Amino acid sequence: MSAVPSFTDTLIAWQKRAGRHDLPWQNTRDPYRIWLSEIMLQQTQVTTVIPYYLRFLERFPTLEALAAAPQEAVIEYWAGLGYYARARNLHRCAVEIVAVHAGKWPKSVDRLASLPGIGRSTAAAIAAFAFGERAAILDGNVKRVLCRFFAIEGFPGQASVERALWARAETLLPECDIEAYTQGLMDLGATLCSRRKPHCNDCPLQQACQAHRTGRAEDLPTAKPRPALPERHGHYVFVSDGHRVLLERRPAHGIWGGLLVPPEGETAAVLARLGISDASESPLGTLRHSFTHFRLTLSATLCHIDAPKAIADPSLCWIALESAAEAGVPTPIRKLLEGIAPAREAQ
DNA sequence: AATGCGTGGTG
DNA sequence: TCACCAAGCAT
């Protein structure tokens, strides 16, 4: 034993003290009941499952009763719970165990995982809870807890990240108390280590949690990558005499509605529209900005003129460079404005 | 490796 | 309102 309680020991102690102990599928070693709960709980929250679980057990109290029932009856008691392949596989699995294994459950994770509807994690949960087998689960809760505790980067659905998580999960297994440990992982993930607003102050692992130490608990695990946003490009022309800049009021609706932005378009076209022919041009660089529905690359040209030109267009106005940033311009425009130093009076 | 599969809760 | 997510698995 190390002087400092390990992840595993801390979690086991916490589960015994503060974990959940009265869920309908706890306090039993009946593999049938444990299996049924694990299947129902796939991608489905506890509060949703409980009434279905209780009703299902009343109708199909044993593995044999389930195997003997027609599939339609099983579907009927699953209706509303979703992911109906689970119900079909559940029935197939019951039939297979009764027919092929004479009603005896295999105890090894590998054998369990070869049954219909039972994957690696569900097999481990059944093995641990029903048979006390030392087996690692890796569901959404465990992924979240491990990603945070070890500050594991990357989307957990990605194969490389998932491999790393399975390796961690296997390494952390306790020598004994596998039930409390396995339940503790799920309890912690479901109660304290929630996806949003985790209750780190109540967490027994807070001190050693890498995500918490770096203030990134809520940022991990890394969210599922979204499909790439459409790319757009806009060129903006900053016309200035060194003191003031010409901005244009955008239409009230649409992107940047009602805000002030420099005239948009090719430099030559903008100058022609404004009737300016004597500007000296210099590039202002580019900037990237993300919206919810597209990504914008902004480029800009500074067009210096000697004196402000009278503009007839009422949507255009001259704004002092010092106050332009506060006059109601969108963030990326404000950033570009910061690249134009107002001309200082000679000392 | 990436998708499809259902429904209910959440901020 | 709506995107995101929840005790995953099969293909």
Side-chain angles (χ1 to χ4, degrees), chain A residues 11 15 19-26 28 31 33-53 56 75-93 96 109-110 112-130 135-148 154-163 165-166 169 178-199 218-229 290-293:
Chain A
L11 190 64
Q15 203 286 325
R20 299 175 291 189
H21 297 90
D22 298 303
L23 295 170
W25 41 86
Q26 291 183 298
T28 179
R33 293 179 171 234
I34 291 165
W35 164 63
L36 176 63
S37 74
E38 292 301 331
I39 301 299
M40 284 190 167
L41 286 162
Q42 288 169 1
Q43 298 293 100
T44 311
Q45 298 192 345
V46 166
T47 54
T48 303
V49 164
I50 287 176
Y52 283 90
Y53 178 81
F56 195 98
I75 299 288
E76 180 186 332
Y77 277 77
W78 201 276
L81 200 51
Y83 283 138
Y84 299 101
R86 292 186 295 177
R88 298 192 298 271
N89 286 330
L90 190 84
H91 187 242
R92 282 178 53 208
C93 185
E96 182 172 332
V109 171
D110 288 346
L112 285 165
S114 69
L115 293 165
I118 301 181
R120 181 172 174 182
S121 186
T122 299
I126 297 169
F129 288 133
I137 61 166
L138 188 65
D139 59 23
N141 286 318
V142 183
K143 286 176 179 175
R144 190 165 55 254
V145 170
L146 296 186
C147 279
R148 285 175 177 167
F155 172 53
Q158 189 177 344
S160 59
V161 179
E162 184 153 337
R163 269 196 304 277
L165 287 167
W166 272 115
I178 187 69
E179 300 94 329
Y181 173 75
T182 305
Q183 188 64 47
L185 277 174
M186 297 191 289
D187 288 352
L188 191 75
T191 59
L192 301 185
C193 199
S194 45
R195 181 67 187 93
R196 281 173 289 196
K197 297 195 174 184
H199 304 171
E218 210 163 350
D219 299 332
L220 295 175
T222 309
K224 180 184 176 70
R226 294 285 116 212
L229 297 174
S290 283
F291 294 88
T292 55
H293 49 310

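Here is how names work: the chains are called A, B, and so on, in the same order as the sequence lines, proteins then strands, and each is numbered from 1. Computed from a predicted model, the values in this text were never measured in an experiment.
Residue-level contact check: A:Trp78 touches neither bases nor backbone, having no heavy atom under 4.0 Å from any strand. Among the atoms of the strands shown, base atoms are found under 4.0 Å from some heavy atom of A:Gln183.
Atoms CD (A:Glu38) and P (C:dA6) sit 16 Å apart, rounded to a whole Å. The interatomic distance linking A:Phe155 (CZ) with C:dC5 (C1') rounds to 11 Å, in whole Å. Residue A:Arg86 contributes atom CZ, which lies 15 Å from atom P of C:dA6 at whole-angstrom precision. Taking atom CG of residue A:Leu220 and atom P of nucleotide C:dC5, one finds them 13 Å apart after rounding to whole Å. Following rounding to the nearest Å, A:Lys224 (NZ) and C:dA6 (P) show an atom-to-atom distance of 12 Å. Summarising the geometry, the separation between CD1 on A:Ile39 and C1' on C:dA6 is reported as 16 Å, rounded to the nearest angstrom.
With contacts defined as side-chain heavy-atom distances shorter than 4.5 Å, the pair A:Arg163/A:Ser160 qualifies. By the 4.5 Å heavy-atom criterion applied to side chains, A:Glu162 and A:Leu138 are counted as neighbours.
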Could you go through nucleotides 9-11 of chain C and list every protein N or O atom that sits under 3.5 Å from one of its N or O atoms, giving the distance for each pair?
residue, atom, partner, partner atom, Å
C:dC9, OP1, A:Gly119, N, 2.9
C:dC9, OP1, A:Gly119, O, 3.4
C:dC9, OP1, A:Thr122, N, 2.9
C:dC9, OP1, A:Thr122, OG1, 2.6
C:dA10, OP1, A:Gly117, N, 2.5
C:dA10, OP1, A:Ile118, N, 3.4

Can you tabulate the close N/O pairs, meaning under 3.5 Å, that link protein atoms to atoms of nucleotides 7-11 of chain B?
residue, atom, partner, partner atom, Å
B:dT7, OP1, A:Tyr84, OH, 3.3

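Checked against ring-ring contact (aromatic ring centres under 6.0 Å, His included), A:Tyr53 has the following partners two or more places apart in sequence or in another chain: A:Trp25. Judged as a ring-ring contact (aromatic ring centres under 6.0 Å, His included), and not counting sequence neighbours, the contacts of A:Phe56 are A:Phe60. Residues meeting the salt bridge (Lys or Arg N to Asp or Glu O under 4.0 Å) test with A:Arg86, sequence neighbours left out: none. Residues meeting the salt bridge (Lys or Arg N to Asp or Glu O under 4.0 Å) test with A:Arg20, sequence neighbours left out: A:Asp187.
Checking A:Arg88 against A:Gly157, the closest nucleotide of DNA chain B that is more toward the 5' end is the one next to A:Gly157. In this structure, A:Ala85 and A:Arg163 both approach DNA chain B, and ranking their closest nucleotides by distance from the 5' end singles out A:Arg163.
Here, B:dG4 and C:dC4 have their P atoms 16 Å apart, quoted to the whole Å. Separating the P atom of C:dC9 from that of B:dG8 is a span of 22 Å, rounded to the nearest Å. Between C:dC5 and B:dT3, the two P atoms lie 16 Å apart (nearest whole Å).
The backbone N or O of A:Arg196 lies less than 3.5 Å from no partner atom in the side chain of A:Glu218, so there is not a single donor-acceptor pair. Remark: side-chain polar atoms of A:Glu38 are not paired, donor with acceptor, to backbone N or O of A:Ile34 under 3.5 angstrom.
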Next item on the list: Take A:Leu81 and A:Thr48 through the test side chain to side chain contact (heavy atoms under 4.5 Å, CB included) and record every step on the way to the result.
Entry: CA-CA 8 Å; A:Leu81 200 51; A:Thr48 303; 4.0 Å; yes

